2 protein chains.
Amino acid sequence: MAARRGSTKDKRYEGPARAEKNEKTADGEVRWLSPAEQETWRAFLAATRLLFEELERQLQQEAGIPVTYYEILVALSEAPDRTIRMRDLADLTRSSPSRLSHAVSRLEETGWLKRVSCATDRRGAFAHLTDKGFAALEAAAPGHATAVRRHVFDRITPKQADELGRILAVIRDGLDAEGRCPGVPT
Amino acid sequence: MAARRGSTKDKRYEGPARAEKNEKTADGEVRWLSPAEQETWRAFLAATRLLFEELERQLQQEAGIPVTYYEILVALSEAPDRTIRMRDLADLTRSSPSRLSHAVSRLEETGWLKRVSCATDRRGAFAHLTDKGFAALEAAAPGHATAVRRHVFDRITPKQADELGRILAVIRDGLDAEGRCPGVPT
DNA sequence: GCAAGGACTTTGAGCGTTCAACTATTCCCG
DNA sequence: CGGGAATAGTTGAACGCTCAAAGTCCTTGC
C-alpha cells in the first residue's frame, strides 16, 4: 500500500495541492492525516475488508447465512426466552429497523426465527429464535469462532488483543454517543 | 429454504456450541474465544460497523460515491499518468476483478474515469482518472479526511494509533498471504 | 505452427443494505 | 377527551457486491 512518498511525477495524494496553503473550509480547518496516520488508516481499510470478506465467505459456505444474520442469532440466543423486541434487537445488533426487518423476514422463511406480536403494544413485535434456529447456530458457531481466532487472535499477542479492544471500544463509544445525541460537540 | 447460495443444510455438527471454555471435539479441537477476546471481538464488530456506516453516509451525501469508489479514485490519483491497469488496480484496492469492473463502469458513466485499451496486451484495459474525476476527488477529500480524523484519530493517542496500525498490518498480512498461497499453514 | 491451458476482463443474476415513504399504534398536553 | 407528535415496524426501489459463467487474448509445450 504504499505508494511511498514521491513515486513518480505526480502529486502523492495527501489532499489536494491547494490545501497546502488554504486549509480552510466552510466550517474550519482541515487537518489531514499524517503519513503515519495514513498508513494506519490504509491498514485499517485493508485488514477489515479482507477479514470481513473471509468471514463472510466462510460463514456463507458453511452455514448459508451472512455474518450480520449470525449476529442476530447470537443476540437472540443469549436473551431470556430467546426472544427480543425488534427495537431492542436493532439496538443490540446496531442495525437499522429496516435492515432488521428484512433480515428477520429472511430468517423466518428458513424457520430459524419466528415473529411474535406484542400484547401490550400492538405496534410492536418480538423476534423469537426457534429450536431449529438455535441448532443452526450451534452448528455454525465452531467454524466461525475458529475463523475469527485464526485470522485475528492467533496472530496477535494477548497484550495487543487487550489494547485493540480498548481502542475499538473508544471508537465505538464515540460513534454510539454521537448517534444518540446528534449535534453535541466533542 | 429457498435455495440460498451455498445452502448446505445438514452440515456436520461439531459438538455442542456451548461453553465459553476451551474444549475439544471428536474430529478436531475448537478453541472458543475467551471472555476477554469475545469482548474485543464484539467491540471490533460494533466499531467497524458504526464507523463504516458513518463514513459511507458522509461520503455519499457530500460526494455521491461509496467509500470503495473513493479508494479507487485515490489509487488512480497516485499513479503515474493517473492510469493503472485493471488487474493492478484490483490488487491495490483489494477488489475482485468483478467488483472493479462494475465500479469502473459506474464511474465511467459519471465521467470521472475512462477506460483505455492496452496496446501490447489486447485482453487488457487501463483505468484513467479524468480531470473531472480528479477535481471530484479533491472536492471530496477534506470532508472524508475530517470524518476519519474525527471518529478515529482524534479519539485515540498517537501511541494507540501506532499500535493499532501494527496490529492491523499483521492481520492484513496474514490474510494477504493466505490469499496468495492457499493451504500454507501459519 | 497449433492446440491446450492460463490470464484478463466483462456480464447477469441474486442477495443484503439503504433510503424514503407509509401504516398503525401509543403518548402527551392543552 | 381530542389531536398532533412521537414511536414501532414494514415495504419497495435503487444500488453495490458476490458468484458463476462467458468471451477474448496470450503463452506454453509439443
Side-chain angles (χ1 to χ4, degrees), chain A residues 48-50 52-61 63-72 84-110 113 115-127 179-180, chain B residues 1-8 48-50 52-61 63-72 84-110 113 115-127 179-180:
Chain A
T48 52
R49 179 171 338 285
L50 289 168
F52 288 133
E53 261 168 25
E54 175 60 27
L55 295 177
E56 204 72 63
R57 184 167 24 249
Q58 186 271 326
L59 203 51
Q60 187 70 49
Q61 285 182 357
I65 53 166
V67 173
T68 52
Y69 287 19
Y70 181 89
E71 291 177 53
I72 291 172
I84 306 184
R85 186 73 181 261
M86 291 290 276
R87 184 99 244 344
D88 301 331
L89 188 52
D91 288 342
L92 276 173
T93 58
R94 265 122 181 145
S95 344
S96 66
S98 172
R99 165 156 80 193
L100 182 63
S101 184
H102 284 297
V104 167
S105 297
R106 201 91 190 71
L107 288 167
E108 222 176 356
E109 286 172 14
T110 73
L113 246 59
R115 262 184 248 252
V116 180
S117 51
C118 175
T120 68
D121 183 343
R122 292 202 317 215
R123 297 166 300 183
F126 292 99
R180 273 197 301 279
Chain B
M1 1 253 107
R4 287 177 48 76
R5 221 184 294 137
S7 149
T8 35
T48 52
R49 178 169 345 282
L50 289 168
F52 288 134
E53 261 169 25
E54 175 61 26
L55 295 178
E56 205 71 64
R57 182 165 26 247
Q58 187 270 327
L59 203 50
Q60 187 71 49
Q61 284 182 357
I65 53 166
V67 173
T68 51
Y69 288 19
Y70 181 88
E71 290 178 54
I72 291 172
I84 306 183
R85 185 73 183 261
M86 291 291 276
R87 184 100 242 344
D88 301 330
L89 188 52
D91 288 342
L92 276 173
T93 58
R94 266 125 181 141
S95 344
S96 66
S98 172
R99 166 154 81 193
L100 183 62
S101 184
H102 284 299
V104 166
S105 296
R106 197 94 188 67
L107 287 168
E108 223 177 355
E109 287 172 15
T110 72
L113 246 59
R115 263 184 246 252
V116 179
S117 51
C118 177
T120 67
D121 183 343
R122 290 202 317 214
R123 297 167 300 183
F126 291 99
R180 273 196 300 279

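Computed from a prediction, not measured in an experiment: that's the story for all the values here. Naming convention: chains lettered A, B, ... in sequence-line order (proteins, then strands); numbering from 1 in each chain.
- Distances shorter than 4.0 Å separate some side-chain N or O of A:R106 from OP1 or OP2 on C:dG16.
- Between B:S101 and C:dT9, a side-chain N or O to OP1/OP2 separation shorter than 4.0 Å is absent.
- The side chain of B:T68 contributes an N or O atom lying less than 4.0 Å from OP1 or OP2 of D:dC17.
- Across the protein-nucleic acid pair, A:F52 atom CZ and D:dT18 atom C1' stand 17 Å apart, rounded to whole Å.
- For C:dT9, the OP1/OP2 oxygens have no side-chain nitrogen or oxygen of B:R115 closer than 4.0 Å.
- Across all strands shown, A:E53 has heavy atoms under 4.0 Å from sugar-phosphate atoms exclusively, and none from any base.
- Contact annotation: A:R85 reaches the phosphate of D:dG9 (side-chain N/O to OP1 or OP2, under 4.0 Å).
- With sequence neighbours left out, B:R106 forms a side chain to side chain donor-acceptor pair (under 3.5 Å) with B:E109.
- Residue-level contact check: B:P97 touches the bases, meaning some heavy atom is under 4.0 Å from a base atom.
- In this entry the distance linking CG of B:L100 with C1' of D:dT18 reads 14 Å, nearest Å.
- With sequence neighbours excluded, the residues satisfying ring-ring contact (aromatic ring centres under 6.0 Å, His included) with A:Y70 are A:H144.
- In this structure, the nucleotide among D:dT10, D:dT18, C:dT10 sitting nearest to the side chain of B:R99 is D:dT18.
- A pairwise comparison of heavy atoms in B:L59 and B:V67 identifies CD2-CA, 3.8 Å as the closest pair.
- Every residue was checked against the side chain to side chain donor-acceptor pair (under 3.5 Å) condition with B:S98, not counting sequence neighbours, and none meets it.
- Using a 4.0 Å heavy-atom distance criterion, B:S105 is classed as making no nucleic acid contact.
- Across the protein-nucleic acid pair, A:F126 atom CZ and D:dG9 atom C1' stand 13 Å apart, rounded to whole Å.
- Under the side chain to side chain contact (heavy atoms under 4.5 Å, CB included) criterion, B:D91 pairs with B:R87, not counting sequence neighbours.
- Every residue two or more places apart in sequence or in another chain was checked for a side chain to side chain donor-acceptor pair (under 3.5 Å) with B:E56, and none qualifies.
- Between A:R87 and D:dT7 there is no side-chain polar atom (N or O) within less than 4.0 angstrom of OP1 or OP2.
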What nitrogen or oxygen pairs link the protein and nucleotides 21-23 of chain D at under 3.5 Å?
none

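- For D:dA8, neither phosphate oxygen OP1 nor OP2 lies less than 4.0 angstrom from any side-chain nitrogen or oxygen of A:R122.
- Looking at which nucleotide of DNA chain C each of B:D121 and A:H102 is closest to, the 5′-most match is held by B:D121.
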